[in-house]
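Input: a single structure, listed below in structure tokens.
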Amino acid sequence: MINGMMSSHDYRAILLTLRQSLLKAQETGDEAEQTVELDQTRVGRLSRMDALQAQAMSKETGRRRRQKLLQIDAALRRIEEDDYGYCQECGEDIAPARLEVDPAVLLCISCASAKELS
């Protein structure tokens with residue numbers, strides 16, 4: 001930290017740790033996304049419905065995880081290109097507190113708020 005603020009090296013370390021954590025979770029989550037057994041003689045209808053719901057939730061979790069990994073990779077590229085911490089819309093600095101909450105964020109709070117309203 002420099003003057004109470006984190007450096008791009010600090011953010012890089014956080015992003016790499018988060019990336020590694022997501023990759024580990026992906027290994028275990030892939031199995032939960034597999035096709036649900038259709039044999040109703042082995043599994044009751046309600047149990048099968050529960051399994052289908054769990055599978056759908058696992059698929060959505062996997063989709064979100066993959067999306068977050070893409071965002072992390074993009075943030076790591078921005079660090080390498082010395083373009084990290086700037087809003088992709090207006091070019092202004094993204095508040096350090098915002099980056100601490102989500103180091104892969106692309107927009108400053110003003111642009112993010114404007115985008116939500118539109």
Side-chain angles (χ1 to χ4, degrees):
M1 283 202 212
I2 301 170
N3 297 330
M5 294 175 51
M6 293 198 302
S7 69
S8 59
H9 178 75
D10 296 325
Y11 287 117
R12 185 178 187 281
I14 291 168
L15 287 163
L16 289 172
T17 301
L18 182 56
R19 186 178 191 281
Q20 189 63 33
S21 172
L22 289 171
L23 288 172
K24 280 185 181 178
Q26 185 173 349
E27 290 174 14
T28 57
D30 286 345
E31 186 176 310
E33 294 179 35
Q34 299 302 315
T35 304
V36 174
E37 179 66 43
L38 296 175
D39 184 2
Q40 289 189 12
T41 60
R42 289 182 36 202
V43 178
R45 193 169 108 200
L46 291 177
S47 296
R48 184 171 177 279
M49 288 171 51
D50 286 343
L52 287 170
Q53 183 177 20
Q55 178 196 32
M57 289 173 32
S58 292
K59 283 185 177 184
E60 178 59 19
T61 300
R63 186 195 66 76
R64 289 181 186 193
R65 186 182 311 113
R66 289 185 292 276
Q67 182 65 33
K68 191 65 176 176
L69 284 167
L70 291 173
Q71 292 171 352
I72 289 169
D73 289 343
L76 289 168
R77 278 192 304 279
R78 289 192 305 277
I79 288 172
E80 294 299 318
E81 296 167 359
D82 202 28
D83 194 29
Y84 181 77
Y86 302 103
C87 178
Q88 299 296 299
E89 288 285 322
C90 69
E92 295 293 321
D93 290 345
I94 297 174
R98 184 162 168 78
L99 289 171
E100 288 175 23
V101 170
D102 182 0
V105 72
L106 291 170
L107 304 175
C108 68
I109 194 70
S110 297
C111 290
S113 295
K115 199 168 203 139
E116 277 185 14
L117 294 176
S118 59

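For clarity, every value in this text was computed on a predicted model and none was experimentally measured.
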For the CD atom of Glu60 and the CZ atom of Arg65, what is their distance to the nearest 0.5 Å?
11.0 Å
At what distance, to the nearest 0.5 angstrom, does NE2 of His9 lie from CD1 of Ile14?
10.5 Å
Is there side-chain contact between Lys59 and Arg63, with heavy atoms separated by less than 4.5 Å?
no
Answer with yes or no whether the hydrophobic clustering places Val105 together with Leu70; edges join I, L, V, M, F, W, Y residues whose side-chain heavy atoms lie under 4.5 Å apart.
no
Any side-chain heavy atom of Leu22 sitting closer than 4.5 Å to one from Gln26?
no
Show, in sequence, the C-alpha distance, side-chain angles and deciding distance for Ser58 and Thr61, and conclude whether the side-chain contact (heavy atoms from CB on, under 4.5 Å) test is met.
CA-CA 5 Å; Ser58 292; Thr61 300; 5.6 Å; no
Listing, residues 79-96 side-chain donor-acceptor contacts under 3.5 Å, not counting sequence neighbours, or none:
from  : atom 1 : to     : atom 2 : distance (Å)
Glu80 : OE2    : Arg12  : NE     : 3.4
Tyr84 : OH     : Pro103 : O      : 2.5
Gln88 : NE2    : Tyr86  : O      : 3.4

Search all heavy atoms of Ala112 against all heavy atoms of Arg98 and return the closest pair with its distance.
CB-NH2, 3.3 Å
Do Asp102 and Lys68 touch side chain to side chain, with heavy atoms closer than 4.5 Å?
yes
Are Met57 and Leu52 connected into the same hydrophobic cluster when the rule is that any two of I, L, V, M, F, W, Y join if their side-chain heavy atoms are below 4.5 Å apart?
no
Are Leu15 and Leu107 connected, step by step, through hydrophobic side chains (Ile, Leu, Val, Met, Phe, Trp, Tyr) whose heavy atoms are closer than 4.5 Å?
no
Counting C-beta onward and ignoring hydrogens, is there a side-chain heavy-atom pair between Leu106 and Arg78 closer than 4.5 Å?
yes
Would you check if Leu99 and Met6 make a side-chain contact, meaning some heavy-atom pair closer than 4.5 Å?
no
